[in-house]
Amino acid sequence: MPEYTAGSVSNADVEHQYEEYLMPIWKSLNVPVKRASNCVLEDFDGNEYLDLYSGISVTNVGHNNDAVVEAAKDQLDEFVHGCTYVHPHRPAGQLAEKIARITPGELEKTFFCNSGTEAVEGAIKLARKYTGSKEVLALEMSFHGRTLGSLALTGNTSYKAEMAPTINDVSHVAPPYGYRCQRCSGTTCTATCAEQLERVIDTHTSGDLAAVILEPVMGEGGIIVPPVEWIERVQEITHDHDALLIADEVQTGYGRTGEMFASEHFDVVPDILTQAKGIANGLPLGAFTASSDVANAFESGDHLSTFGGNPVTCAAALATIEELEGGILETARANGKWFESQLEELEAEYDVVGQTRGLGLMHGIEIVDPDDGHGPMGVSPAPDPVLAGNVAKRLRKDGIVMGVGGFYKNVLRIQPPLTIGREQLDRTAEELREAIQREVA
Ligand SMILES: Cc1ncc(COP(=O)(O)O)c(C=O)c1O
């Protein structure tokens, strides 16, 4: 047995090594994991947790899904690394063909990389090459990654402090955050809210626009779902300016919202679609896909990656898609709808639940202070990040793991493996009710 697997290890041992030898990172959940299966995590001290976060929306077909593990193992036996652009191999070709079939509209050609951030960076390069323009518009409160290019697009100062300058030529526009939108005053954003794009283009850019990038459902920003008319208007304005619409589906793709891709809910076909996270159920793979017309703007050597499209990760992705199409997606859609009604009940019962929102199995619960009616935009009650954190901590003690996020850090995030059952979702709703009850008492 190799030294690193020998002997008994406790949670404290792993935490100690993290403290001493990893650079400081944000420990959002503090649940060390020894092994995982479907929706259950086990730590080194033998505790079990129901996982409602999927390693941040990644293990969509369940932790250690048998078919995915098997496919990866088979490919490991065959060969591990071929470098996609030196040695063409079957898994990358097969996966690219499959992605052309499952992505909306005419999206046809894919570039493989290793992560969501890289997919975003590559998509921006492609948009620049295709349009011959430079500037990019992103949404305030968005998240697109933490490298200097993707960080420039991310609409949140807290990720950038002390690390600027990032790339230039990026402007931001208000997100479709109806609950805190000054224009529609806390209701639902409309096409009129999207008109702001024109103003930002006129006032903040030189007009040399290459792309508008958006998350079809904003994940890190707090599970913000745009209305159809808002997103349609954004696309119109983008195309009126001869720019490309990039849908960043790193978090929403591969079944998370109840469709294979969230863009399908809005019937809006983006010009470039980025993917990562759930694509290979936990093996590191990123991708961006465009129509042949757009994709062929890249000339040989314009963009390359040594590990991107690795045969093992591509084999895992093919198995992941097969699992999703084999019934998981359909069941998740129905379970997500049912769970939504449970959350709506919670919103009606507790003043501290300002809003519940989501699609499929991507849900957010916005926790507020009902006694403070003046939220950040002067609309809706103030965010209560402390209460949100306390509810999550209490749930963790009771063996349930969920995320806390959102621009104001007051949104409980529920993004479980899509294989989660009704019984587990029912338990989640009950334990949430109890945790909120006890924390507000
Ligand atoms: C929408 C979106 N884009 C990009 C990223 C960055 O992906 P990665 O962490 O794989 O680089 C994330 C990660 O949370 C994301 O949610």
Side-chain angles (χ1 to χ4, degrees), residues 25-26 28-29 53-60 111-127 136-156 158-160 163 166-167 170 172 175-177 211-226 231 245-257 261-263 265 270 272-289 305 307-310 313 316-317 320 358-364 403-407 409 411 413-415:
I25 50 175
W26 182 44
S28 66
L29 295 173
Y53 208 25
S54 315
I56 316 197
S57 208
V58 170
T59 51
N60 288 2
F111 182 95
F112 291 117
C113 50
N114 305 282
S115 67
T117 302
E118 282 177 69
V120 167
E121 296 257 351
I124 298 298
K125 278 177 71 178
L126 179 60
V136 185
L137 218 70
L139 301 186
E140 294 166 356
M141 304 185 189
S142 61
F143 186 84
H144 298 290
R146 294 172 192 262
T147 56
L148 295 178
S150 60
L151 187 60
L153 306 170
T154 291
N156 189 332
S158 69
Y159 297 120
K160 303 184 195 191
M163 278 170 277
T166 55
I167 59 163
V170 177
H172 288 88
Y177 192 179
V212 172
I213 183 166
L214 54 81
E215 301 157 79
V217 176
M218 297 173 75
E220 305 304 297
I223 319 294
I224 296 168
V225 186
I231 207 162
L245 183 69
I246 302 174
D248 182 354
E249 293 242 22
V250 164
Q251 190 158 153
T252 50
Y254 294 93
R256 174 54 53 199
T257 67
F261 295 98
S263 299
H265 287 285
I272 308 178
L273 188 149
T274 62
Q275 304 132 71
K277 285 194 185 277
I279 186 171
N281 208 44
L283 276 85
L285 180 64
F288 55 99
T289 306
S305 165
F307 291 128
N310 168 278
T313 59
T320 301
L359 281 174
L361 281 169
M362 180 172 186
H363 289 277
V404 183
F407 186 75
K409 312 230 175 312
V411 178
R413 291 173 58 181
I414 303 174
Q415 300 172 259

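We count ligands from 1, going down the list as the structure has it; atoms in each ligand are counted the same way.
- Side-chain N or O atoms of R413 include none that pairs as donor or acceptor with a backbone N or O of H363 at under 3.5 Å.
- Aromatic ring centres of Y159 and F143: separated by under 6.0 Å.
- When only interatomic distances are considered, the shortest N/O to N/O separation between G116 and ligand 1 falls below 3.5 Å.
- Counting only distance, with no hydrogens or angles, the side chain of N60 and the backbone of Y254 share a donor-acceptor pair below 3.5 Å.
- Compare T117, L285, I56, T252 by their heavy atoms: the one nearest to atom 9 (O) of ligand 1 is in T117.
- F112 and F288 have their aromatic ring centers separated by at least 6.0 angstrom.
- Close approach of ligand 1 to E215 (heavy-atom distance below 4.0 Å) involves ligand atoms 1 (C).
- Here the side chain of T313 pairs no donor or acceptor atom with the backbone of L283 at under 3.5 angstrom.
- For K277, every heavy-atom contact with ligand 1 shorter than 4.0 Å involves the side chain, none the backbone.
- Comparing heavy-atom distances from atom 16 (O) of ligand 1 across Q251, H144, R146 singles out Q251 as nearest.
- For atom 3 (N) of ligand 1, the nearest non-hydrogen atom of the protein is D248 OD2, 2.7 Å.
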